2 protein chains.
Amino acid sequence: MSIDEMLRQKKLKVTPQRKAILTVLEKSESVLSAQELFREVLELLPGTNFSTIYRNLDMLISKGILCRIHRESGGDLYEIRRKEGHHHHVVCKSCGASFALDFCPMEELRRELQKQGFTPTEHRFEIYGYCDKCRK
Amino acid sequence: MSIDEMLRQKKLKVTPQRKAILTVLEKSESVLSAQELFREVLELLPGTNFSTIYRNLDMLISKGILCRIHRESGGDLYEIRRKEGHHHHVVCKSCGASFALDFCPMEELRRELQKQGFTPTEHRFEIYGYCDKCRK
DNA sequence: CTAATTGCAAATTGTTTGCAGTTTA
DNA sequence: TAAACTGCAAACAATTTGCAATTAG
């Protein structure tokens, strides 16, 4: 699906800024911080403002077009949501490459927690390490 | 083990500020943000500075005396490390109560990821929801 | 005594907001 | 043309830093 279609499907206006943001994220093989994204968007569309980046990141995440990944060192990471439905991410600490994981630990845990009286509503499972290329 | 012993064991000086921080965290049944912790420490030891809180949080975490837990809405949460060794946390979104989890999803996943060429070095698994009391 | 620790004030970093002007559908 | 969106500048919140004074061991 093209970027334009993607946006229209979510009833979002197709602006040059949005297209730039999605183009960068779509081309990127790694997860990007808002700052990194900003830098790259600037090359594609000079003059774009940082607040536009942030507003769009929030908007696109709320529409399910992007994923947000936490980072230990503060500042979140973003990527195109390439996989439908619930999933987690594996991220290379060296090159930033990421891939989606099918496995979700909550499946086997939910029942157990319920039994203990705890009702889970959200969880986070993120894996960091080194991909094949980067592990030397 | 007393707070003083805890600190000495890690070769940290026993200062009133550190004792206050650990006293608050030890008494607290919930995970605390740096701000919340600060407020409570202030009651115990007026005049304590915020930078002292942050410096000590970092120090105590590096020594394994505290745990840091992420929070979706930014700002981390802290608690005394009540359980030895590697573990994850379950946190109530209403009252902040937390408990440690034995289960770690990486055990069964590590081999699988290795097989795919990925070497995991770190991971995060955090569960949020409502505890028995708060779920109405 | 001296290395560790603290308070203070200022700087950073990352992100958010109000508003007026512009653009998309 | 109306609602959505953007740029701008300023505000914010959380955290970090340099440094001089203090304190624990």
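When reading the values below, keep in mind they use all heavy atoms of this one structure, side chains included, and skip hydrogens, waters and symmetry mates. Bear in mind that the values here come from a model prediction, so they are computed numbers and not experimental data.
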N/O (side chain, B:Gln35) to phosphate O (OP1/OP2, D:dA14) under 4.0 Å: yes
Nucleotide [N], atom [atom2] - distance to [atom1] of [X] in whole Å:
{"X": "A:Arg68", "N": "C:dT15", "atom1": "CZ", "atom2": "C1'", "value": "10 Å"}
{"X": "B:Leu57", "N": "C:dT6", "atom1": "CG", "atom2": "C1'", "value": "15 Å"}
{"X": "B:Asp58", "N": "D:dT17", "atom1": "CG", "atom2": "P", "value": "9 Å"}
{"X": "A:Phe38", "N": "C:dT13", "atom1": "CZ", "atom2": "C1'", "value": "15 Å"}
{"X": "B:Lys19", "N": "C:dT6", "atom1": "NZ", "atom2": "P", "value": "13 Å"}
{"X": "B:Tyr54", "N": "C:dG7", "atom1": "OH", "atom2": "P", "value": "15 Å"}
{"X": "B:Lys10", "N": "D:dG25", "atom1": "NZ", "atom2": "P", "value": "17 Å"}
{"X": "A:Ile61", "N": "C:dT15", "atom1": "CD1", "atom2": "P", "value": "11 Å"}

A:Arg81 side chain vs A:Gly85 backbone, donor-acceptor pair below 3.5 Å: yes
B:Thr23 side-chain N/O to B:Lys19 backbone N/O, donor-acceptor pair under 3.5 Å: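 Flag set: sc B:Thr23 to bb B:Lys19 pair under 3.5 Å.
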Heavy-atom protein contacts under 4.0 Å, nucleotides 3-11 of chain D, coded B base, S sugar-phosphate only, - none: BSSBBB---
Sugar-phosphate only, base, or nothing, as touched by B:Asp4 at under 4.0 Å among non-hydrogen atoms: nothing
Ring centre gap for A:His123 and A:His86 strictly below 6.0 Å: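 For A:His123 and A:His86, the ring centres are under 6.0 Å apart.
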A:Glu79 and A:Ser98: CA distance, side-chain angles, deciding distance, side-chain hydrogen bond (donor to acceptor under 3.5 Å, both in side chains) verdict: CA-CA 9 Å; A:Glu79 70 172 359; A:Ser98 92; 2.5 Å; yes
Closest non-hydrogen atom pair, B:Phe118 against A:Ile127: CE2-CG2, 4.2 Å
No-hydrogen, no-angle side-chain donor-acceptor test under 3.5 Å, B:Ser2 and B:Asp4: no
